[in-house]
Student: 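Have a look at the structure that comes next, please.
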2 protein chains.
Amino acid sequence: MNYEEAKNKFISTWGSLGTLWGINKAMAQIHALLMISPEPLSMEDIMEQLQISRGNTSMNLRQLMDWGIVFKENKMGERKEYFTSEKDVQELARQIAKERSRRELKPTIKVLNEVSNLQEDGTPETKELIKQTKALHDMADTLDTLMNKVIGHDHNWITKALVKLIK
Amino acid sequence: MNYEEAKNKFISTWGSLGTLWGINKAMAQIHALLMISPEPLSMEDIMEQLQISRGNTSMNLRQLMDWGIVFKENKMGERKEYFTSEKDVQELARQIAKERSRRELKPTIKVLNEVSNLQEDGTPETKELIKQTKALHDMADTLDTLMNKVIGHDHNWITKALVKLIK
DNA sequence: TTTAATTTTCAATATTTTTTGAAAGTTTGA
DNA sequence: TCAAACTTTCAAAAAATATTGAAAATTAAA
């Protein structure tokens, strides 16, 4: 395997993994490309390397910046904008945990809480609905608390904590 | 909020959450419906309650069974097949962890390993590719080990472990 | 067997999501 | 102020994904 093959393999694997996690292919591929690029890249660079349109590149870069895992950079004397990704995988994981908690977990917990507070009326249907949504709520809540713990800690806390747990 | 409202809210929230996790809407809704149903449901029941076609129901039930979170049941004297979901949320979490490890994490780890073993050639591009894929590999591998630890443990281990970590 | 009940399959269709590309917008230097 | 360099927006087109429904397959009782 040479450099080009390895690079393409990484980008396409990361791209299809993205789809599975609710992030679209182009977005995940741009992230992958920036992740392994030693220098910041311009929009032109990205368009060319991934063979995608200007509009697509622009929109997905913005989303990646919204997620807090890609940043704009300006080279002095250049009008063009350049982009880099968060290179530290620990920080990347923290940032992803933070955003997923905010976007998915918290809203779900809210709904589960509302539903599980339904007035009991004695029917088996109502009983089961309350029981199950309570159980899901508790699990989601524990998970969210954990994720926020992770978010609040320093760099190496994640690995340390996981390792501790494994032993 | 009455029973019907609460039920619909739960089913639709669970359904849209599914999409975000790489599971389609119908599949997630069928799971939600079974999750809160005190009795096993037939295909007819599911079709009617969710207003989806027979084919759709059949295919998605199969997928849920492949994930190991929905089961067939036979009522004696009846030819029709009935379905239930795994009702224990701990067991549900374990099963999902197991399948996600198998379907996504392990294949990704394999690719990251291959790519990060690329022959070093001194260029910054190659250096960065190797460095970053190694870092991602290590994190994914730690996570997978953890998930397998979870899978191998008894019911309440998950919560206990998480709680321990939080303190 | 044969028949009726039930489930599965899959090509066609519908829906949703992503991508394009050109026009509009913005920024900066002359 | 103008104009060139660059970015963003968004309607239309393309691609991907999900859904339908009817025919084929399966199952089990008569």
Student: What are the bounds, 5' to 3', of the part of DNA chain D that sits under 4.0 Å from heavy atoms of chain B?
Tutor: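 Counting from the 5' end, contacts occupy dA18(D) to dA29(D).
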Student: Enumerate the residue pairs fulfilling salt bridge (Lys or Arg N to Asp or Glu O under 4.0 Å) with a member in residues 117-126 of chain A, sequence neighbours excluded, ordered by first and then second residue.
Tutor: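 Pairs touching residues 117-126 of chain A that pass the test: none.
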Student: Once salt bridge (Lys or Arg N to Asp or Glu O under 4.0 Å) is applied, do any residues pair with K134(B), and if so which ones, sequence neighbours excluded?
Tutor: none
Student: Between T126(B) (side chain only) and G122(B) (backbone N and O only), is there a donor and an acceptor less than 3.5 Å apart?
Tutor: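 Not confirmed, T126(B) side chain does not pair with G122(B) backbone.
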Student: Please list all pairs passing the side-chain hydrogen bond (donor to acceptor under 3.5 Å, both in side chains) test where one or both residues lie in residues 104-118 of chain B, with sequence neighbours left out.
Tutor: K9(A)-E114(B), W21(A)-E104(B), R100(B)-E104(B), S101(B)-K106(B), K106(B)-D144(B), K110(B)-E114(B), N113(B)-N117(B)
Student: How long is the span from the CD1 atom in I30(A) to the CG atom in L41(A), to the nearest 0.5 Å?
Tutor: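 Between I30(A) CD1 and L41(A) CG, I get 10.5 Å after rounding to 0.5 Å.
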Student: Would you mind reporting whether M35(B) and L92(B) have side-chain heavy atoms less than 4.5 Å apart?
Tutor: yes
Student: With sequence neighbours left out, write down each residue that passes salt bridge (Lys or Arg N to Asp or Glu O under 4.0 Å) with E5(A), or none if nothing qualifies.
Tutor: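 By the salt bridge (Lys or Arg N to Asp or Glu O under 4.0 Å) rule, E5(A) matches no residue at all.
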Student: For the helix from dT1(C)-dA30(D) to dA30(C)-dT1(D), what is the angle between the axes at its two ends, each from 5 pairs, rounded to 10°?
Tutor: 10°
Student: Quick one, Y3(A) and Q119(B) - any side-chain contact, counting heavy atoms below 4.5 Å?
Tutor: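 No, too far: nothing below the 4.5 Å cut-off.
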Student: In Å, rounded to the nearest 0.5 Å, how long is the span from CH2 of W67(B) to CE of M27(B)?
Tutor: 6.5 Å
Student: Rounded to the nearest 0.5 Å, what separates atom OH in Y82(A) from atom CD in E39(A)?
Tutor: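 Between atom OH of Y82(A) and atom CD of E39(A) there are 10.0 Å.
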Student: Could you list the residues that satisfy side chain to side chain donor-acceptor pair (under 3.5 Å) with K7(A), not counting sequence neighbours?
Tutor: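 Counting only residues at least two positions away or on another chain, K7(A) forms a side chain to side chain donor-acceptor pair (under 3.5 Å) with Q49(A).
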Student: Going by number, which of residues 29-38 of chain A have a non-hydrogen atom under 4.0 Å from DNA chain C?
Tutor: none
Student: Run M65(A) and F71(A) through side-chain contact (heavy atoms from CB on, under 4.5 Å) and show every step you take.
Tutor: CA-CA 6 Å; M65(A) 289 188 286; F71(A) 317 103; 6.0 Å; no
Student: I'd like to compare against my own output: the B/S/- annotation of nucleotides 24-30 of chain C with a strict under-4.0 Å heavy-atom distance to protein.
Tutor: ---BBS-
Student: For R54(A), which residues count as a salt bridge (Lys or Arg N to Asp or Glu O under 4.0 Å) partner, sequence neighbours excluded?
Tutor: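 Once residues adjacent in sequence are excluded, the partners of R54(A) under the salt bridge (Lys or Arg N to Asp or Glu O under 4.0 Å) criterion are E44(A).
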Student: Who are the salt bridge (Lys or Arg N to Asp or Glu O under 4.0 Å) partners of E128(A), not counting sequence neighbours?
Tutor: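 For E128(A), the residues satisfying salt bridge (Lys or Arg N to Asp or Glu O under 4.0 Å) (neighbours in sequence not counted) are K87(B).
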Student: Nearest nucleotide by nearest heavy atom, which residue falls closer to the 5' end of DNA chain D, M43(A) or M59(B)?
Tutor: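 Whichever sits nearer the 5' end wins; that is M43(A).
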Student: R54(B) has an atom CZ; how far is it from atom C1' of dT9(C), in whole Å?
Tutor: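 Atom-to-atom, R54(B) to dT9(C), this comes out as 14 Å.
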Student: Over how many whole Å does the gap from D45(B) atom CG to dT7(C) atom P extend?
Tutor: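 The answer, rounded to whole Å, is 11 Å.
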Student: What's touching nucleotides 16-18 of chain C from the protein side, N or O pairs under 3.5 Å?
Tutor:
none

Student: Is the closest side-chain donor-acceptor distance between S42(A) and D45(A) under 3.5 Å?
Tutor: yes
Student: Would you mind classifying the nucleic acid contact of R62(B) as base, sugar-phosphate or nothing, using non-hydrogen atoms under 4.0 angstrom?
Tutor: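 Sugar-phosphate, backbone atoms only, no base.
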